[in-house]
J.: 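Just dropping this structure here.
Being a predicted model, the structure only gives us computed values, none of them experimental. The chains referred to below are lettered A, B, ... by the order of the sequence lines, with proteins before strands, and numbering in each begins at 1. FYI, side chains are in, hydrogens and waters are out, and symmetry mates aren't considered; it's all heavy atoms of this structure.
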Number of protein chains: 2
Amino acid sequence: MEVLSPIAKPAVTSADRVLVQIQRAVVEGEIAAGSKISEPELARKFNISRAPLREALARLERCHLIERTPNAGARVVQLSYQGLIHLYQIREELEGLACRLAAEYMATEEIEQLQSLLDQHLSHQRVREGESYYQEAGDLDFHYRVILGSKNPYLINMLCDELYYLVRMYRVQMGMNGPRVSRAFDEHKAILTAIGNRDGELADLLMRRHISASRKNIEIKLAQQEK
Amino acid sequence: MEVLSPIAKPAVTSADRVLVQIQRAVVEGEIAAGSKISEPELARKFNISRAPLREALARLERCHLIERTPNAGARVVQLSYQGLIHLYQIREELEGLACRLAAEYMATEEIEQLQSLLDQHLSHQRVREGESYYQEAGDLDFHYRVILGSKNPYLINMLCDELYYLVRMYRVQMGMNGPRVSRAFDEHKAILTAIGNRDGELADLLMRRHISASRKNIEIKLAQQEK
DNA sequence: TTATAAAGTATTGTCGACAATACTGGAAAG
DNA sequence: CTTTCCAGTATTGTCGACAATACTTTATAA
């Protein structure tokens, strides 16, 4: 009998291993947005053949980090105001749905664990005021768990695997840390309370507002940057 | 100067060509649901190497038609009641959103074209009463156009490229033709009217109801089949 | 000088072969 | 007889090389 970790899969294939590295590089901006991707170059850089690299690129395309045109190659996605709007329009709907489902299907135990996670975030936040990385990670962590709580595999896949790397990319490269931290925590708290009360409708509404507020926050930043 | 068709891209790569064939085979059930996929076998069948085949398989996974496990291979997805519910939960949200956006962003010309398409469908429907293929194709066509009208690339990609093949697979393999045809056409009409009036909120609501009704219709069929 | 065309270069798409991993059947131990 | 272990087989993952396509540069003509 073999004991293995509950959720995470080993990801032993070298394509997987390289994928996460390129994902990080793109999200962090080490590979510049809009730049062309050279398969031979990347293959050399990571000491692998082009076959697993192309597998990785296919998955990068899947999460909208690169765009491929047949016979012409791949480019890192170009960030834009419009793109961000389009992204958040979908997040609003899908994460709202996730909340509604989470309120119905999350185990009481899961809710309690999420509760304690939030408390933990709060103390972290007090100590490291405004440190963007923790805010960012914590925020995503909360959203992740709620999405997982929906128990809908398609929804989980779409949000966690396909959309969230792009969300992170926008946040990182446009420097979204900001003073919204404490308010975001309060909103998380309210959402979780609604879920705890099994009030899906309210949780849905609150999540939509939460994301909408987040979007408006980013819009303001963008407007400032363009001045 | 080269003249090419307005939307469709040539898809010259052999991976693309094979992809559509396998997609069709899976959707139509020629390759049975739940069955294992053998790369060497399929490669021989289509007279290509394993490289482009694997590229095609990667995209099949993307649209949820197959599931791959590292080092173990791919299986055609197993249809289930739960899976259908999960699928329609997402469709409801996303296509509702698509309607709201379409009401805002569709060109008046596009709306008129869609109007005439509906009239066309109506006459077809009168002639070929209950012929499932036309109903199916027509229905999807309407939904497609509304989704395209949203002008949101992520939304379009998710619905048209990632979810709709699976929707078709459920319809085809579970034989969803049925007596809902005329009512569906009326609902399409009402949705389009709302879009024409630029009433996004109403279009959203009507589309959600439309899909919800469609889901309930399927649920009934399923319940009958299980007897 | 600008625009067009052709040759050359580089990159992507595809192939066949090898290596690593997973599945299958049978033998040995309990 | 059941279970566990092991060897054999088949399948997937990876590699390097070749073919097909796209991009670049140079030369030619208007």
Side-chain angles (χ1 to χ4, degrees), chain A residues 1-5 8-23 25-26 31-62 64-78 161, chain B residues 1-5 8-23 25-26 31-32 34-62 64-78:
Chain A
M1 171 85 128
E2 183 77 27
V3 179
L4 41 82
S5 83
K9 52 180 170 185
V12 282
T13 165
S14 73
D16 285 320
R17 195 157 19 84
V18 169
L19 170 64
V20 297
Q21 298 195 59
I22 306 182
Q23 255 178 351
V26 169
I31 305 177
S35 65
K36 182 164 180 356
I37 288 193
S38 164
E39 292 185 6
E41 183 188 330
L42 274 188
R44 275 196 308 274
K45 186 172 177 180
F46 291 107
N47 289 325
I48 57 172
S49 163
R50 276 178 55 221
L53 178 71
R54 282 169 67 85
E55 170 81 30
L57 289 185
R59 299 198 204 166
L60 279 182
E61 185 183 24
R62 183 171 168 172
H64 307 279
L65 291 186
I66 67 173
E67 288 167 357
R68 303 177 96 182
T69 53
N71 290 321
R75 305 194 78 87
V76 177
V77 71
Q78 189 70 268
D161 297 340
Chain B
M1 170 83 133
E2 182 77 26
V3 180
L4 41 83
S5 83
K9 51 181 169 185
V12 282
T13 165
S14 72
D16 285 320
R17 194 156 19 85
V18 169
L19 170 65
V20 296
Q21 299 194 58
I22 305 181
Q23 255 178 352
V26 169
I31 304 177
S35 64
K36 183 165 179 354
I37 289 195
S38 164
E39 292 185 4
E41 184 188 328
L42 274 188
R44 275 195 309 274
K45 186 172 177 180
F46 292 107
N47 288 327
I48 57 172
S49 163
R50 276 179 55 221
L53 178 72
R54 283 170 65 87
E55 171 81 28
L57 290 184
R59 299 198 204 167
L60 279 182
E61 186 184 24
R62 183 171 168 172
H64 308 279
L65 292 185
I66 67 173
E67 289 167 356
R68 303 177 96 183
T69 53
N71 290 320
R75 305 193 79 87
V76 176
V77 72
Q78 189 69 268

J.: How many Å lie between CG on A/L57 and C1' on C/dT11, as a whole number?
T.: 13 Å

J.: Does B/S14 have a side-chain nitrogen or oxygen under 4.0 Å from the phosphate oxygens OP1 or OP2 of C/dT14?
T.: yes

J.: Which parts of residues 34-43 of chain B get close to DNA chain D, meaning a heavy atom less than 4.0 angstrom away?
T.: B/K36, B/I37, B/E39, B/P40

J.: Taking all non-hydrogen atoms of both residues, which atom of A/A33 and which atom of A/Q78 are closest, and how far apart?
T.: O-OE1, 4.0 Å

J.: What is the distance, to the nearest angstrom, from the CD1 atom on A/I48 to the P atom on C/dC18?
T.: 22 Å

J.: Taking atom C1' of C/dT14 as reference, at what distance in whole Å does atom CG of A/N71 sit?
T.: 11 Å

J.: Measure the distance from CZ on A/F46 to P on D/dT14 and round it to the nearest whole Å.
T.: 15 Å

J.: Roughly how bent is the helix from C/dT1-D/dA30 to C/dG30-D/dC1 end to end, in steps of 10 degrees, with each end axis from five pairs?
T.: 20°

J.: Mind listing the closest non-hydrogen atom pair of A/A15 and A/P52 along with its distance?
T.: CB-O, 3.5 Å

J.: Can you tell me how far P of D/dT21 sits from CG of B/D16, to the nearest Å?
T.: 14 Å

J.: Rounded to whole Å, how long is the line connecting atom CZ of B/R54 with atom P of C/dG13?
T.: 16 Å

J.: Tell me the interatomic distance from B/R44, atom CZ, to C/dG16, atom P, rounded to whole angstroms.
T.: 13 Å

J.: Going through the checks in order, is the side chain to side chain contact (heavy atoms under 4.5 Å, CB included) test met by A/V20 and A/D16?
T.: CA-CA 7 Å; A/V20 297; A/D16 285 320; over 6 Å; no

J.: When you look at B/I37 and B/V76, which way does the side chain to side chain contact (heavy atoms under 4.5 Å, CB included) test go after all the steps?
T.: CA-CA 7 Å; B/I37 289 195; B/V76 176; 4.0 Å; yes

J.: So, is A/R50 near the phosphate of D/dC15, with a side-chain N or O under 4.0 Å from OP1 or OP2?
T.: no

J.: For the NZ atom on A/K36, are there more than 12 heavy atoms of other groups (residues, nucleotides or ligands in this structure) within a distance under 6.0 Å?
T.: yes

J.: May I have the distance from A/R68 (atom CZ) to C/dT11 (atom P), rounded to whole angstrom?
T.: 16 Å

J.: Looking at A/K45 and A/E41, is there a salt bridge between them, counting it only when a charged N and a carboxylate O are closer than 4.0 Å?
T.: no

